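Not measured: the values here are computed from a predicted model. Every chain is numbered from 1 and lettered A, B, ... according to where its sequence line falls, protein lines coming before strand lines.
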2 protein chains.
Amino acid sequence: MSELSIGVQPTGVGGRALSSRGLRTRRRLLEAAERVFAELGYHDASIVKITEAAGVGQGTFYLYFDGKKRIFDELVLDLNARVRRAMTEASSKGSTRAERELLGFGAFFRFTAEHPALYRIVRQAEFVSPAILQLHYERLTEGYVAGLRQAMAAGEVAQGDPEVLAWSLMGIGELVGMRWILWGGGTEMPERVFDELARILVRTIGARDLDP
Amino acid sequence: MSELSIGVQPTGVGGRALSSRGLRTRRRLLEAAERVFAELGYHDASIVKITEAAGVGQGTFYLYFDGKKRIFDELVLDLNARVRRAMTEASSKGSTRAERELLGFGAFFRFTAEHPALYRIVRQAEFVSPAILQLHYERLTEGYVAGLRQAMAAGEVAQGDPEVLAWSLMGIGELVGMRWILWGGGTEMPERVFDELARILVRTIGARDLDP
DNA sequence: CGTAGACCTGAATCGGGTCTCAGGTTTGGG
DNA sequence: CCCAAACCTGAGACCCGATTCAGGTCTACG
């Protein structure tokens, strides 16, 4: 992970500064990689296919990334940042913890429907880049734990270790999302399922009440 | 999935009947594959490495399996059957649904600690063999749903769609297991975490009570 | 024993992927 | 308009893995 350009201006290999043209090409490669990895998986995704999808020559790839693993890592972190942003934004609109929770889940499901790559790529990471996978989940928990701890202090949710609860909630989101979004035809989650899930979540966090 | 030998006597390719010697070699390959896939992942696991680990020649592999994907599929189904057996056995010893639930989780965690391959291999399946992945999860839910429906009818757990609840519970097991067993040094789950989890699970299923 | 049939072997073939490099193209500031 | 720097290209060197196959080894049974 020594040279991942996250949060800073992207560079080429060796830290070469990029012009706007270079920046555009780099982004094109990243977007093509998201499509190709999501469709074919890490193994079958080749540099050739990624460059073809991006509409650039093979050699161009190596002006921006060290290799296949490097672009993959960056993709995971990119998706991670995007899904967290979507969830945080949505949940900030709620007034009780339970409400915030449900809004966050809704955002997660919407993101998943729009970017099935999140699942497919994250699962690949188990082997391609275990450290990145861990980072992905840990970053997701971080915000979660903070919010839950606060809600516990306020007596809004059941007392307990917020970390165990946070991972439990993530697990629920992951499998329910997989079952009804990823396998459900790639569209939205049926309202019936979401309503049922809402009842389950409220119980799981031990919320005092859904409304303030 | 046309020719997976599950529940029937294993054969060689083309349905060739096997002598006890052949059966032993086949099993050796399967066990070697579990180790190699778990350690290296599908991509880096090569036939050469599997046959080396099994102590047989490369050509021998093709007397028993069509190729890499075929042995992988069989491995997933094998692990699936084993983990379900472990969970069913353990949970049958409980008297309330909540108790059965906790015993099942305990068995799942123990199995995971002993066979980290379960996680690693199942996650790979996302791409290698999506249909097999789906089968794995569906088989896990099946028994679950039946048990929950019964408990709901008996008023032992909260009313609702047992399927959504089953997937939620599996999600909790999956992520908590990943966090504290797979990443926790490969040993057991800390008692503190399991106790906390027990409280969460009881809330999630909406159990009337832990004891009868 | 002797042998048919099952089993085993690993070198060789074949296909496909990564990455390099010598040379062409585009861009932007002077 | 001009040129240096940045950018782009794709053929090919190189590597590695899946799969085959011609020939050797084991074993049960008559």
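The phosphate of dC7(C) (OP1 or OP2) has a side-chain N or O of R16(B) nearer than 4.0 angstrom. In this model, the phosphate group of dA28(D) is not approached by any side-chain N or O of S19(B) to a distance below 4.0 Å at OP1 or OP2. Between T25(A) and dC7(D) there is no side-chain N or O to OP1 or OP2 distance below 4.0 Å. In this structure, K68(A) does not reach the dG17(C) phosphate: none of its side-chain N or O atoms is under 4.0 Å from OP1 or OP2. Contact annotation: Y62(A) side-chain N/O to dT9(D) OP1/OP2 distance is not under 4.0 Å.
The separation between H43(A) atom NE2 and dG16(C) atom C1' is 10 Å, rounded to whole Å. Distance, R70(B) CZ to dT19(D) P: 12 Å, rounded to whole Å. Atom-to-atom, CZ of F65(B) to P of dT20(D) comes out at 16 Å; the value is rounded to the nearest Å. When the P atom of dC19(C) is taken as reference, atom CG of L63(A) falls 14 Å away, rounded to whole Å. Atom-to-atom, CG of L29(B) to C1' of dC7(C) comes out at 13 Å; the value is rounded to the nearest Å. Atoms CZ (F72(A)) and C1' (dG17(C)) sit 18 Å apart, rounded to a whole Å. Per the geometry, CZ belonging to F37(B) stands 14 Å off P belonging to dG17(D), to the nearest Å. For L23(A) and dG28(C), the CG to P distance is 13 Å, given to the nearest whole Å.
Atom CZ of R149(B) has 12 or fewer neighbouring heavy atoms from other residues, nucleotides or ligands inside a 6.0 Å radius. The environment of Q150(A) atom CD is sparse: at most 12 non-hydrogen atoms of other residues, nucleotides or ligands sit within 6.0 angstrom.
Residue-level contact check: S46(B) touches the backbone only, with heavy atoms under 4.0 Å from sugar-phosphate atoms and none from bases. Looking at heavy-atom distances under 4.0 Å, A54(A) makes no contact with the nucleic acid at all. G22(A) comes within contact range of the sugar-phosphate backbone alone, with a heavy-atom separation under 4.0 Å but no base atom that close. Here Y64(B) lies in heavy-atom contact (under 4.0 Å) with sugar-phosphate atoms only.
Note that R16(A) lies in the cation-pi zone of Y64(A), set by a 6.0 Å cut-off to the ring centre and a 45° limit from the axis.
For Q58(B), taking side-chain heavy atoms from C-beta onward, the closest of the listed nucleotides dG10(C), dG17(C), dC7(C) is dG10(C). With dT9(C), dC8(D), dT9(D) as the choices, the nucleotide that has an atom nearest any side-chain atom of T60(B) turns out to be dT9(C). Considering only the side chain of V48(A), dT18(C) comes nearest among dC7(C), dT18(C), dC7(D). The I47(B) side chain lies nearest to dT19(D) when the options are dG17(C), dT19(D), dC8(C).
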Q | salt bridge (Lys or Arg N to Asp or Glu O under 4.0 Å) evaluation trace for E74(B) with R26(B) | A | CA-CA 12 Å; E74(B) 194 145 335; R26(B) 191 177 194 281; 3.1 Å; yes

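For the 3.5 Å distance criterion, the side chains of Y137(B) and E142(B) fail to qualify, holding no donor opposite an acceptor.
No close placement of the Y42(A) and F127(B) rings is indicated, their centers lying 6.0 Å or farther apart.
Nearest-nucleotide positions on DNA chain D place D44(B) closer to the 5' end than the other of D44(B) and R21(B). Comparing L18(B) and R24(A) along DNA chain C, the residue whose closest nucleotide (by nearest heavy atom) sits nearer the 5' end is L18(B).
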